[in-house]
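No experiment lies behind these values; they were computed from the predicted model shown.
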Number of protein chains: 2
Amino acid sequence: MDGRTPEAVVEPVIAGDVVAAGYRLDAEDGVCPVRDVLDRLGDAWSVLVIRHLDGGPARFNALRRAIDGISQRMLAQTLRKLERDGLASRTVFPTTPPQVEYALTDLGRSFSAHLAQLAQWAFLHQPAIRASRRAYDAASGDDD
Amino acid sequence: MDGRTPEAVVEPVIAGDVVAAGYRLDAEDGVCPVRDVLDRLGDAWSVLVIRHLDGGPARFNALRRAIDGISQRMLAQTLRKLERDGLASRTVFPTTPPQVEYALTDLGRSFSAHLAQLAQWAFLHQPAIRASRRAYDAASGDDD
DNA sequence: CGGAATCCCTGAGGATACTG
DNA sequence: CAGTATCCTCAGGGATTCCG
């Protein structure tokens with residue numbers, strides 16, 4: 001199974017100046033909590049779900065339809081991760097048929113705000129990055 | 001992403017628009033630039049290399065030794081990506097033996113600063129996330 | 001409707017070996 | 001020293017199916 005992360009157990013990891021000291025990713029002394037968050041950013045589905053939930057609560061299939069491209073497997077998995085981390089909340093309505101509503105928690109909204117910041121940075125520097133890539137590719141491909 | 005109400009997404013920043021509109025990942029006319037940056041964050045090696053280079057320029061094997069755990073393959077690959085994106089610079093000294101020095105560019109330093117911010121957020125909310133996980137795991141395993 | 005289980009395939013990434 | 005190329009593994013994730 002992939003749902004369970006072996007290193008996800010409680011680890012007395014680094015404290016103090018994480019930023020200045022750098023990221024200790026060596027799993028020798030346990031997984032760095034910072035790594036977790038960064039992984040969530042790298043996960044496209046998590047990002048999409050979070051950003052979408054930022055627009056308000058939504059039900060499972062509503063999310064599935066809205067994101068379009070995500071498989072029910074990934075959606076369920078992503079939602080469970082978010083819920084486990086306390087970024088999203090899950091509310092079950094015992095109706096017929098059963099409805100489950102997902103929503104961002106305060107923590108989730110806080111995280112979503114940081115996502116927006118990152119996106120802004122990316123958007124701002126997109127031209128520079130593109131230019132750099134073009135220059136790099138030109139220099140690499142042009143060798144004769 | 002088709003029939004959602006514009007008012008539903010309350011985005012004060014320009015990035016919000018980018019995120020809401022550009023996460024389609026369809027590489028029709030190019031991949032979303034925001035996705036690129038997020039991927040870089042998700043890449044543990046990129047993060048490590050960037051954060052390490054933030055401490056000053058370093059040579060290939062110096063980085064390899066410093067990061068320890070990274071394979072030469074991943075290091076070379078990561079450095080090439082960073083260089084291509086204009087986040088890091090590569091300087092070759094035609095000495096014997098040849099020395100190659102890597103350093104962060106202004107763009108790279110800017111990015112590194114954002115990494116630090118993210119890390120700070122993660123560190124700050126680490127207790128909440130951990131608590132949430134513990135509660136979730138307890139509720140999942142113990143259901144009677 | 002919401003979700004868990006199964007199958008299978010792709011590719012990220014480690015280890016190793018070889019060049020400049 | 002600073003890479004590149006090759007092989008191989010194994011986990012991420014899509015498609016499908018079944019259950020509450």
(request) Look at B/Asp106 together with B/Arg109 and state whether they make a salt bridge at an N to O cut-off of under 4.0 Å. (result) yes

(request) Search all heavy atoms of A/Val92 against all heavy atoms of A/Pro94 and return the closest pair with its distance. (result) O-CD, 3.6 Å

(message) If you only use heavy atoms from C-beta on, which nucleotide in D/dT4, C/dG2, C/dA4 is closest to the side chain of B/Ala76?
(response) D/dT4

(message) What is the distance, to the nearest angstrom, from the CD atom on B/Gln77 to the P atom on D/dT4?
(response) 10 Å

(request) Calculate the interatomic distance between B/Arg80 atom CZ and C/dA12 atom P; express it in whole Å. (result) 13 Å

(request) Respond yes when some side-chain nitrogen or oxygen of B/Tyr102 is under 4.0 Å from OP1 or OP2 of D/dG3, and no when none is. (result) yes

(request) Return the value, rounded to whole Å, for the distance between atom CG of B/Leu63 and atom P of D/dC1. (result) 14 Å

(message) Less than 4.0 angstrom from a charged side-chain N to a carboxylate O is my criterion; do B/Asp54 and B/Arg51 meet it?
(response) yes

(message) To the nearest 0.5 Å, what is the distance between CD on A/Glu83 and OG1 on A/Thr105?
(response) 10.5 Å

(message) Nearest to the side chain of A/Trp45, heavy atoms from C-beta on, is which of C/dG13, C/dG2, D/dG14?
(response) D/dG14

List, with names and distances, any nitrogen or oxygen atoms from the protein found under 3.5 Å away from nitrogen or oxygen atoms belonging to nucleotides 16-20 of chain C.
{"unit_1": "C/dT16", "atom_1": "O4", "unit_2": "B/Gln72", "atom_2": "NE2", "d": "2.7"}

(message) Please report the distance, rounded to the nearest Å, between CD in B/Gln99 and P in D/dG3.
(response) 11 Å

(request) Looking only at side-chain atoms of A/Pro97, point me to the closest of D/dG14, C/dC1, D/dG3. (result) C/dC1

(request) Taking side-chain contact (heavy atoms from CB on, under 4.5 Å) as the test, write out the residues that go with A/Arg133, two or more places apart. (result) A/Ile129, B/Asp36, B/Arg40, B/Arg84, B/Asp85

(message) Please pick, from C/dA4, D/dC1, C/dG13, the nucleotide with the shortest atom-to-atom distance to any side-chain atom of B/Arg65.
(response) D/dC1

(message) What is the distance, to the nearest angstrom, from the CD1 atom on A/Ile70 to the P atom on D/dA15?
(response) 12 Å

(request) Quick one: label A/Arg64 by what it contacts on the DNA or RNA (base, sugar-phosphate, nothing), any heavy atom closer than 4.0 Å. (result) nothing

(request) Counting heavy atoms from C-beta on, name the nucleotide in D/dG13, D/dA2, C/dG14 closest to the side chain of B/Phe60. (result) D/dA2

(request) Let me know the distance between CD1 of A/Ile67 and P of C/dG2, rounded to the nearest Å. (result) 13 Å

(message) I need the B/Arg64 CZ to B/Arg59 CZ distance, nearest 0.5 Å.
(response) 13.5 Å

(message) Output the rounded distance in Å from CE (B/Met74) to P (D/dC8).
(response) 17 Å

(request) Would you mind reading off the distance between A/Asp39 atom CG and D/dG12 atom C1', rounded to a whole angstrom? (result) 13 Å

(message) Tell me if a side-chain donor or acceptor on B/Thr78 pairs with a main-chain N or O of B/Met74 at a distance below 3.5 Å.
(response) yes

